[in-house]
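See below for the structure under consideration.
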Amino acid sequence: MRTDIASLMGDLGIDVDPSLMRQSLMHRSYSYENGGVPTNERLEFLGDAVLGIVVTQALYERYPDCSEGQLAKLRAAVVNAQALADVARTLDLGEYVYLGRGEESTGGRDKSSILADTMEAVVAAVFLTSGLDSTADVIHRLFDPLITRAADLGAALDWKTSLQEIASVAGLGLPEYRVSDIGPDHAKEFSAQAIVGGDVLGEGEGRSKKLAEQQAAATAYERIRATLPEPD
């Protein structure tokens, strides 16, 4: 585990309140084993909202001809758990996370769910330290390549249809979806996995089964596309 958070701030390109930065890296597994120290879960909640508004505004301004549905698909491609985890990996964020022994022993430092949640918490720490404008600058540096790539992927199409088409091209057969939910009927949260060729290639979450499946399909689409040769 790395404890030189100054190095992480350097990679972010901004100074962050040290106590907030440390809390943003505090996974609940570490808290459970160390006397209930504050976790990063509240920061994660805030960071999700901050990231959402910055990415949504960027998409709204850059793609004036896209419909609401098309913008929603673009956003899902940028802020889904796998995309967040990939951005976190560019910062080596997993090396900084405070983990309990159980998570440490099972490869928690590279788990996409942990990395995605921590990335959102870090965004919140930046926001609480420096405000929205400075946080937007950080988000743009980290996420603009994803925004551009999402537009190039054909996000104006239905992601599940797009995934089915590219899976066929790759000879992987028809995608399948595994969906679960938690919470009471009036406030359910859905999680979906896109399974292609027997492997889980995408994961998504949302307030509806459809949204969760679309996010999972978007991530799986990107992963398959990355394996295909570039057209001549």
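All heavy atoms count here, side chains included; hydrogens, waters and symmetry mates do not.
Annotation for Val78 and Val55: closest pair CG1-CG1, 3.9 Å, computed over non-hydrogen atoms. Across every non-hydrogen atom of Ala125 and Val16, the tightest pair is O-CG1, 3.6 Å. Across every non-hydrogen atom of Gly173 and Ala167, the tightest pair is O-CB, 3.4 Å. Scanning both residues, Val37 and Tyr30, for their nearest heavy atoms gives CG2-CD2, 4.2 Å. Here the shortest heavy-atom pairing between Tyr60 and Leu71 reads N-CD2, 4.3 Å. Closest of all the heavy-atom pairs between Tyr96 and Ser7 is OH-OG, 3.5 Å.
A cation-pi contact links Lys160 to Tyr177, judged by a cut-off of 6.0 Å to the six-membered ring centre and 45° from its axis.
Within the 3.5 Å criterion, the main-chain N or O of Leu12 finds a donor-acceptor partner in the side chain of Arg141. A donor-acceptor pair under 3.5 Å is formed between the side chain of Asn40 and the backbone N or O of Ser24. Looking only at distances, a side-chain donor or acceptor of Ser105 sits under 3.5 Å from a matching main-chain atom of Gly102. Under a 3.5 Å cut-off, the side chain of Ser134 and the backbone N or O of Gly131 do not form any donor-acceptor pair. Of the possible donor and acceptor atoms, one in the side chain of Thr227 sits under 3.5 Å from a partner among the backbone N and O of Ile224. Put simply, the side chain of Asp17 gets close to the backbone of Ser19: a donor and an acceptor are under 3.5 Å apart. No side-chain donor-acceptor contact under 3.5 Å links Ser31 to the backbone of His27.
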Step-by-step side chain to side chain contact (heavy atoms under 4.5 Å, CB included) determination, Arg22 to Ile5: CA-CA 8 Å; Arg22 289 191 184 89; Ile5 60 172; 3.9 Å; yes
Audit row: Leu172, Asp199, side chain to side chain contact (heavy atoms under 4.5 Å, CB included) steps and yes/no: CA-CA 10 Å; Leu172 297 173; Asp199 296 322; over 6 Å; no
Evaluation steps, side chain to side chain contact (heavy atoms under 4.5 Å, CB included), between Val54 and Leu132: CA-CA 9 Å; Val54 172; Leu132 185 58; 4.0 Å; yes
Side chain to side chain contact (heavy atoms under 4.5 Å, CB included) assessment of Phe190 paired with Val179: CA-CA 7 Å; Phe190 292 84; Val179 181; 4.0 Å; yes
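Asn80 and Thr219 form a side-chain donor-acceptor contact under 3.5 Å, judged by distance and modelled atom types alone.
Using a 4.5 Å cut-off on side-chain heavy atoms (C-beta onward), Ile14 and Met9 make no contact. At least one side-chain heavy atom of Leu84 sits under 4.5 Å from a side-chain heavy atom of Leu51. Using a 4.5 Å heavy-atom threshold, the side chains of Val50 and Ile139 count as touching. The shortest side-chain heavy-atom distance between Met119 and Val123 falls under the 4.5 Å cut-off.
Tyr63 and Ile53 fall within a single hydrophobic cluster, where Ile, Leu, Val, Met, Phe, Trp and Tyr side chains are chained together by heavy-atom contacts under 4.5 Å. Grouping the Ile, Leu, Val, Met, Phe, Trp and Tyr side chains by contacts below 4.5 angstrom, directly or via other members, places Leu74 apart from Leu211. Taking hydrophobic clusters as Ile, Leu, Val, Met, Phe, Trp and Tyr residues chained together by side-chain heavy-atom distances below 4.5 Å, Val138 shares a cluster with Leu8. Trp159 and Leu174 sit in two unconnected hydrophobic clusters of ILVMFWY residues. Membership requires side-chain heavy atoms under 4.5 Å apart, directly or through other members. Leu25 and Ile114 fall into different hydrophobic clusters, where Ile, Leu, Val, Met, Phe, Trp and Tyr residues are linked whenever their side-chain heavy atoms come under 4.5 Å apart, directly or through other members.
Taking a 6.0 Å sphere around CG of Asp133, one finds it holds 12 or fewer heavy atoms contributed by other residues, nucleotides or ligands. Around CG of Asp11, the count of heavy atoms belonging to other residues, nucleotides or ligands within 6.0 Å exceeds 12. The environment of CZ in Arg62 is crowded: more than 12 heavy-atom neighbours from other residues, nucleotides or ligands sit within 6.0 Å. Within 6.0 Å of atom CD in Glu176, 12 or fewer heavy atoms from other residues, nucleotides or ligands are found, so the atom counts as exposed in its surroundings. Counting non-hydrogen atoms of neighbouring residues, nucleotides and ligands closer than 6.0 angstrom, the CZ atom of Arg101 reaches no more than 12 such neighbours.
Rounding to the nearest 0.5 angstrom, the gap separating the CZ atom in Arg223 from the CD1 atom in Ile166 is 13.0 Å. Taken from CD in Glu120 to CG in Leu43, the straight-line distance is 11.0 Å, to the nearest 0.5 Å. Atoms CG and CG, on Asp86 and Leu115 in that order, are 9.0 Å from each other to the nearest 0.5 Å. To the nearest 0.5 Å, the span separating CD1 on Ile195 from CD on Glu203 amounts to 10.0 Å. Interatomic distance, CD of Gln164 versus OG of Ser168, reported as 8.0 Å (0.5 Å rounding). The line from OG1 of Thr39 to CE of Met26 is 9.0 Å long, rounded to the nearest 0.5 Å.
Using a 4.0 Å cut-off between a side-chain N of Lys or Arg and a carboxylate O of Asp or Glu, Asp110 and Arg89 qualify as a salt bridge. Taking 4.0 Å as the cut-off between side-chain N and carboxylate O, Arg109 and Glu104 count as a salt-bridged pair. Look at Asp117 and Lys111 and you find no salt bridge, because none of the NZ, NE, NH1 or NH2 atoms lies under 4.0 Å from a carboxylate O.
Applying salt bridge (charged side-chain N to carboxylate O under 4.0 Å, His left out) to Arg28 and the options Glu41, Glu33, Glu103, Glu44 leaves one that passes, Glu41.
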